[in-house]
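Data first, discussion second: the structure below is written as structure tokens.
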Amino acid sequence: SACSRYIAPEILRGERYGKPVDMWSIGVILYILLGGSPPFYDKDETALFEKIKRAEFSFQPRLIWECVSDEAKVRATGSTATHHRHMAHY
């Protein structure tokens, strides 16, 4: 299902729900907004979940991502998301 693409690796591993799960979902949504497609895709849900657990994604297709700033790509991967002023109170 489409919702499967947003699920965090922590949830797939049966770990507790927490801030990392929310940050994961924010990163997936930001990736979709910037690139126009989800970071993880597979017709087979089991294979999709394995990609999510390994965080196996790339900025493809290259033509779309060439137009996106490096700063935005960093934010989409969550590297600096928790330090952003809009997330400081979270």
Side-chain angles (χ1 to χ4, degrees):
S1 77
C3 294
S4 301
R5 297 177 191 152
Y6 296 88
I7 195 165
E10 292 84 357
I11 300 302
L12 293 172
R13 290 190 296 261
E15 297 173 11
R16 292 183 62 171
Y17 181 91
K19 185 176 180 178
V21 173
D22 288 336
M23 297 309 297
W24 179 272
S25 297
I26 289 169
V28 170
I29 291 166
L30 184 56
Y31 186 102
I32 292 169
L33 289 172
L34 292 171
S37 63
F40 305 98
Y41 177 79
D42 201 292
K43 290 181 180 181
D44 178 65
E45 194 169 71
T46 302
L48 172 66
F49 289 165
E50 287 303 314
K51 288 178 180 180
I52 291 171
K53 285 186 216 178
R54 292 189 307 266
E56 185 181 298
F57 74 97
S58 64
F59 291 109
Q60 296 295 331
R62 188 174 305 256
L63 289 175
I64 292 172
W65 286 99
E66 285 177 350
C67 299
V68 177
S69 72
D70 288 338
E71 180 182 1
K73 290 177 197 170
V74 169
R75 293 196 189 282
T77 62
S79 307
T80 61
T82 56
H83 304 293
H84 192 274
R85 64 185 171 90
H86 294 297
M87 298 303 291
H89 71 280
Y90 184 67

**OP:** Just jot down the side-chain contact (heavy atoms from CB on, under 4.5 Å) partners of Glu15, sequence neighbours excluded, or say none.
**Re:** Glu10, Arg13
Original post:
Which atoms form the tightest heavy-atom contact between Ile52 and Leu12, and what is the distance?
Top reply: CG2-CD1, 3.7 Å
Subject >> Intermediate values then yes/no, side chain to side chain contact (heavy atoms under 4.5 Å, CB included), Tyr6 and Ile32 >> reply: CA-CA 10 Å; Tyr6 296 88; Ile32 292 169; 3.5 Å; yes
Original post:
If every non-hydrogen atom of Ala8 is compared with every non-hydrogen atom of Trp24, which pair is closest and at what distance?
Top reply: CA-CD1, 3.5 Å
Original post:
Is there a chain of hydrophobic side chains (I, L, V, M, F, W, Y, each step under 4.5 Å between heavy atoms) that links Tyr31 to Tyr41?
Top reply: no
Original post:
To the nearest 0.5 Å, what is the distance between CD1 (Ile11) and NZ (Lys53)?
Top reply: 12.5 Å
Subject >> 4.5 Å side-chain heavy-atom contact, Val28 and Pro38 >> reply: no
Subject >> Cluster overlap Ile7 with Ile29, hydrophobic side-chain contacts below 4.5 Å >> reply: yes
**OP:** Indicate the atoms forming the closest heavy-atom contact of Phe40 with Lys51, along with that distance.
**Re:** CE2-O, 3.7 Å
Original post:
Around Arg54, counting heavy atoms of other residues, nucleotides and ligands shown, do more than 12 lie under 6.0 Å from its CZ?
Top reply: yes
Original post:
If you round to the nearest 0.5 Å, how far is CE of Met23 from CD1 of Ile26?
Top reply: 4.5 Å
Original post:
When you look at Phe49 and Asp42, which way does the side chain to side chain contact (heavy atoms under 4.5 Å, CB included) test go after all the steps?
Top reply: CA-CA 9 Å; Phe49 289 165; Asp42 201 292; over 6 Å; no
